[in-house]
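Taking it in order: structure first as structure tokens, then the write-up.
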Amino acid sequence: MKYRKCGVSGVFLPEISLGMWHNFGAVNDFGTARSMILTAYERGICHFDLANNYGPPPGSAEEVFGRVLKNDLAMHRDELFISSKAGHEMWPGVYGNGCSRKNLIASCDASLRRTGLEYFDVFYSHRYDGVTPLEETMQALVDIVRSGKALYVGISKYPPEMQRQAYDYLRREKVPCLLSQYRTSIFDCTSRDLNFDVAAGNGSGIICFSPLAQGLLTDKYLNGIPAHSRAAGNSVFLKRSDITSEKIDAVRRLNEIAVNRGQTLAQMAVAWLLADSRVTSVIIGASSVAQLEANLGAVDSTPFTADELELIESIASKVRS
């Protein structure tokens, strides 16, 4: 595994981090989840990305990780970098959502209990909720650090103007933003174009999630929509209507580039993000050890040529929303 410096801090993160948004909840096989976590650690992944609502059901991904940490990795706690977040819906009800001080601090406490940790390495505001004053949310993050519940703070999915204000507030309080997390892929460059320079200019590391566009940037959709794929089901993140003939054609053309590079399409999609020097790490998910190990091959990628990058951009730009 290769490691990159996180913004202007002294923290280094692996180029690939393991995210537990899907496939690590109570509804999933614990043995498989445990094997993926341990394989990731053995392969040099020291950063594990959680959130209070990851599961399903919400909270169960933290419980699963906490169980593995206690039984298998407790002696390695100082070698791990563990993050969690709060801000999206955790449960129905007035205090189960949002970025108020009450929700963030209570959620952090609950996440620490579920994981069995004494502190998180970084705790995020999972989103800008558009309701809570930014100062309230940022001060809650500052106080989480000052109380010893987290070492660093981060923000996720903040629009550029609120992103700037967040950095300014945190800097004034001497708890600078360590990481800024954004959804980014070959097919989704909105955050790259709007947020990356703001983050880099303020000394924040950048960490990308959904690098495979919910599985679209894999060989799964080369021949249309498979019967058991995410798009064929009830996913709210990748709908059947998202898989247009134009996107399938783009996926096929991108796959040809990957094959010529000696990679899978998934490996190339991750490597494409890592080709951006502003990016600290890319969060990948996995449903099996085999899938995890295959995608880790992205760190061994040969550099892209200018012609390859230009061709990828030409193909993808035609189908980006």
Side-chain angles (χ1 to χ4, degrees), residues 6 9 11 13 17-21 24-26 46-70 73-74 77-78 80-158 162-163 166-167 169-170 173-181 204-205 207 209 283:
C6 190
S9 78
V11 173
L13 294 183
S17 301
L18 183 62
M20 300 188 184
W21 182 18
F24 291 88
C46 54
H47 178 214
F48 296 88
D49 183 75
L50 294 155
N52 64 341
N53 64 336
Y54 286 0
S60 61
E62 291 180 325
E63 291 171 346
V64 166
F65 181 79
R67 184 176 166 190
V68 175
L69 179 65
K70 178 181 179 180
L73 294 173
R77 172 63 183 98
D78 290 341
L80 303 175
F81 195 93
I82 304 166
S83 62
S84 195
K85 321 176 196 71
H88 282 296
E89 185 175 59
M90 182 64 181
W91 68 83
V94 66
Y95 298 127
N97 204 342
C99 296
S100 68
R101 178 182 179 83
K102 176 176 176 60
N103 191 42
L104 288 189
I105 292 179
S107 293
C108 183
D109 288 344
S111 290
L112 288 171
R113 288 194 296 270
R114 283 189 290 268
T115 56
L117 291 165
E118 294 182 357
Y119 66 90
F120 287 111
D121 293 284
V122 62
F123 193 79
Y124 291 87
S125 168
H126 206 166
R127 63 172 176 137
Y128 172 65
D129 67 11
V131 176
T132 309
L134 181 105
E135 294 80 4
E136 178 178 344
T137 300
M138 293 303 108
Q139 188 60 46
L141 292 180
V142 167
D143 290 342
I144 284 171
V145 167
R146 289 178 177 165
S147 65
K149 297 173 184 178
L151 301 183
Y152 301 94
V153 300
I155 59 173
S156 177
K157 305 191 296 286
Y158 270 51
M162 305 313 295
Q163 180 188 7
Y167 295 149
Y169 189 98
L170 293 170
E173 294 298 316
K174 302 190 186 319
V175 183
C177 181
L178 180 76
L179 279 169
S180 301
Q181 189 170 130
S204 174
I207 187 162
F209 67 92
I283 297 171

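Counting heavy atoms from C-beta outward, K149 and F123 have side chains that stay 4.5 Å or more apart. Taking the side chain as every heavy atom from C-beta outward, M90 and Y95 never approach each other to under 4.5 Å. Taking 4.5 Å as the limit, some side-chain heavy atom of S17 sits within range of a side-chain heavy atom of I207. Within the 4.5 Å cutoff, the side chain of V175 has no heavy atoms near those of the L141 side chain. Looking at L179 and Y152, their side chains never come closer than 4.5 Å, going by heavy atoms from C-beta outward. Two residues are said to be in side-chain contact when any heavy atoms from C-beta on lie closer than 4.5 Å; N103 and T132 fail this criterion. Between I144 and C108, some side-chain heavy-atom pair lies under the 4.5 Å cut-off. The shortest distance between side-chain heavy atoms of Y54 and E62 does not fall below 4.5 Å.
Distance check: E173 CD to E135 CD gives 11.0 Å after rounding to the nearest 0.5 Å. Taken to the nearest 0.5 Å, the CG atom of L13 stands 7.0 Å off from the CG atom of L178. The OH atom of Y124 sits 10.0 Å away from the CD1 atom of I155 when rounded to the nearest 0.5 Å. For the atom pair NZ (K70) and OG1 (T115), the distance works out to 12.5 Å, reported to the nearest 0.5 Å. Rounding to the nearest 0.5 Å places CZ of F48 at 14.0 Å from OG of S84. Residue R127 holds its CZ atom at 13.0 Å from CE of M162, rounded to the nearest 0.5 Å.
In this structure, K157 contributes its side chain and H126 its backbone to a donor-acceptor pair below 3.5 Å. With hydrogens and angles ignored, the 3.5 Å screen pairs a side-chain donor or acceptor of K85 with a backbone N or O of L50. The closest donor-acceptor contact from the side chain of D121 to the backbone of I82 lies under 3.5 Å. Side-chain atoms of N97 come within 3.5 Å of backbone N or O of E89 as a donor-acceptor pair.
Figure legend: R114 and F65 shown without cation-pi pairing, the cationic atom not lying both under 6.0 angstrom from the six-membered ring centre and within 45 degrees of its axis.
No side-chain donor-acceptor contact under 3.5 Å links T137 and Y128. For the 3.5 Å distance criterion, the side chains of S180 and Q163 fail to qualify, holding no donor opposite an acceptor. Side-chain polar atoms of S147 and D143 form no donor-acceptor pair below 3.5 angstrom.
The pair E118-R77 fails the salt-bridge criterion, with no side-chain N (NZ, NE, NH1 or NH2) lying under 4.0 Å from an Asp/Glu carboxylate O.
In terms of heavy atoms, C177 sits closest to L170 at CB-CD1, 3.8 Å.
Relative orientation of the F81 and H47 rings is perpendicular, given thresholds of 30° and 60° on the angle between their planes.
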